[in-house]
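These notes are about the structure you will find just below.
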Amino acid sequence: MTPPARLRRELRGRTLKKLDRRGKYLVGTTDCGSRLVLHLGMTGQLFSSEAASPRLLSATARASLAPEEQGDFRPDSHTHLRFCFDDGGPEVFMRDVRKFGKVQLLAAGEASARLDELGGDALELDGDRLFGATRGRKTAIKALLLDQRVIAGCGNIYADEALFGAGVRPGRRAARVTRRECVALAEALRRVLARSIETGGTSISDYVAPDGRDGGYQDERKVYARAGAPCYSCATPIKKTVIAQRGTHYCPRCQK
DNA sequence: ACCGCACCCTGAGCGC
DNA sequence: TGCGCTCAGGGTGCGG
């Protein structure tokens, strides 16, 4: 975590030359070669000053502001960063209620163990590579999917959805998942993520796009946060358990 | 090397 | 109305 004063000092006057995504990290490179690394954690939001959404307001702010007053965003106590640009474009805010997000400025040439240890990107996950990563691993297949050193960019919702798509129980020991199942799992994860990107992401509690709009994937999820509701394939109630300290949802009939 | 767990932090929703 | 409890999309650091 880089202190705000240092961010101010070292970013002022710099030009952002490029912006990359590495798994769940956003990496901006400046004209002097330094890199700004952002991670949104659980409740982090990155958005334009022109964005308007009830998700960008606390409950009390929502209650006290009339809908027509909920226009251009005003920083509140959960707003930790404001980027101002001199090209006339809107400002960019980072807001994060739970403060699990991270902001780190790396000097030119400075390495980051976190970034360097990231596995291959989830969007291009290869089934055979996943199979290789599961060999000799006693941990649950879901825990492995969430390990960013194995797959960069897979989060809890998408792990549950991919496991459902592939018909694999989240608690199975990774080493017991077959090559065929790993191929299906990789394909399911790529498909789930591609579809979530198409629909703009999953807005269940905090997520908003940079323009403030909700995503649509919450309407397409099959198991996540559907405990007790009927499976869309077989009508068996979806079960919920805990794996790797994360809420885990699956169909006890469709997933073996 | 690997594994499971406590912990970081704040707010929403629930039962009483 | 308010209290206390549980839970939440992520990651780190520790002990075994």
Side-chain angles (χ1 to χ4, degrees), chain A residues 1 21-27 37-47 53-64 76-80 94-104 112-119 122 132-164 170-176 189 192-193 195-197 199-209 214-228 239-250:
Chain A
M1 293 287 280
R21 180 189 62 80
R22 298 267 287 112
K24 301 179 191 175
Y25 293 88
L26 202 56
V27 183
V37 182
L38 302 182
H39 192 298
L40 296 178
M42 295 254 238
T43 54
Q45 300 166 313
L46 194 67
F47 55 96
S53 164
R55 296 186 198 276
L56 298 175
L57 303 171
S58 67
T60 48
R62 266 201 303 279
S64 67
D76 62 0
S77 64
H78 303 302
T79 308
H80 307 296
M94 182 168 166
R95 185 173 181 272
D96 182 11
V97 170
R98 286 177 74 184
K99 300 184 198 167
F100 287 169
K102 297 275 185 291
V103 179
Q104 189 176 20
S112 159
R114 309 282 168 233
L115 290 181
D116 293 343
E117 285 175 9
L118 286 178
T134 60
R135 294 308 89 184
R137 297 295 301 270
K138 293 170 105 168
T139 196
I141 182 64
K142 169 158 173 181
L144 198 97
L145 292 181
L146 292 176
D147 186 339
Q148 302 298 299
R149 295 165 303 184
V150 176
I151 306 168
C154 179
N156 199 37
I157 296 176
Y158 304 115
D160 280 4
E161 295 298 319
L163 285 159
F164 176 81
R172 290 250 307 271
R173 286 187 178 215
R176 308 283 298 265
L189 182 59
V192 161
L193 289 173
R195 183 59 188 156
S196 183
I197 290 169
T199 57
T202 308
S203 295
I204 290 177
S205 60
D206 301 283
Y207 176 74
V208 288
D214 271 10
Y217 197 75
Q218 64 280 4
D219 300 327
E220 303 205 7
R221 79 206 130 90
K222 307 280 206 302
V223 289
Y224 181 80
R226 291 197 65 244
K239 279 202 169 186
K240 180 176 180 196
T241 179
V242 175
I243 293 173
Q245 292 75 244
R246 314 302 302 280
T248 298
H249 316 74
Y250 66 97

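Just so it is clear: chains get the letters A, B, ... in the order the sequence lines come, proteins before strands, and each one is counted from 1.
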C:dT6 OP1/OP2 closer than 4.0 Å to side-chain N/O of A:Lys240: no

Residue list, side-chain contact (heavy atoms from CB on, under 4.5 Å) with A:Glu220, at least two apart or on another chain: A:Arg195, A:Thr199, A:Tyr217

Check: A:Asp96 side chain, A:Phe100 main-chain N or O, donor-acceptor pair, under 3.5 Å: yes

Test side-chain contact (heavy atoms from CB on, under 4.5 Å) applied to A:Arg114 - qualifying residues, sequence neighbours left out: A:Tyr25, A:Ser112

Rounded P spacing from C:dG13 to B:dC9 in Å: 14 Å

Touch class at under 4.0 angstrom, heavy-atom based, for A:Asp206 against every strand present: base

Side-chain touch A:Met1/A:Gln104, heavy atoms, less than 4.5 angstrom: no

N/O (side chain, A:His39) to phosphate O (OP1/OP2, C:dG11) under 4.0 Å: yes

B:dC3 OP1/OP2 closer than 4.0 Å to side-chain N/O of A:Arg137: yes

Polar side-chain atom of A:Arg221 near backbone of A:Glu161 as donor-acceptor pair, under 3.5 Å: no

Sugar-phosphate, base or nothing in reach of A:Thr202, heavy atoms under 4.0 Å: base

For atom CZ of A:Arg246 and atom C1' of B:dC5, their distance in whole Å: 14 Å

side-chain contact (heavy atoms from CB on, under 4.5 Å) against A:Lys240, all qualifying residues, sequence neighbours excluded: A:Ala227, A:His249

All N/O pairs under 3.5 Å across the protein-nucleotides 10-14 of chain B interface:
residue, atom, partner, partner atom, Å
B:dT10, OP1, A:Lys99, NZ, 2.8
B:dG11, OP1, A:His78, NE2, 3.1
B:dA12, OP1, A:Ala59, N, 3.4

Flag side-chain contact, heavy atom, 4.5 Å: A:Tyr224 against A:Asn156: yes

Paired and unpaired positions of DNA chain B as dot-bracket, Watson-Crick or G-U wobble under 3.5 Å, | denoting a partner strand: .|||||||.|||||||

Between C1' of C:dG11 and CG of A:Asp147, the distance in whole Å: 11 Å

Note, A:Met94 side chain near A:Val103 side chain (heavy atom, < 4.5 Å): yes

List, with names and distances, any nitrogen or oxygen atoms from the protein found under 3.5 Å away from nitrogen or oxygen atoms belonging to nucleotides 12-16 of chain C.
residue, atom, partner, partner atom, Å
C:dT12, OP1, A:Arg114, NE, 2.8
C:dG13, OP2, A:Arg114, NH2, 3.0

Contact check, side chains of A:Lys24 and A:His39, non-hydrogen atoms, under 4.5 Å: yes

Touch class at under 4.0 angstrom, heavy-atom based, for A:Tyr207 against every strand present: base

A:Lys138 side chain near B:dC2 phosphate (N/O to OP1/OP2, under 4.0 Å): no

Donor-acceptor pair, side chain of A:Asp160 and main chain of A:Leu163, under 3.5 angstrom: no

Distance in Å, A:Asp147 CG paired with A:Cys154 SG, rounded so as to fall on 0.5 Å steps: 10.5 Å

Aromatic ring of A:Phe100 stacked on base six-ring of B:dC8, 5.5 Å, 30°: yes

Separation of atom CG in A:Leu146 from atom C1' in B:dC5, rounded to whole Å: 15 Å

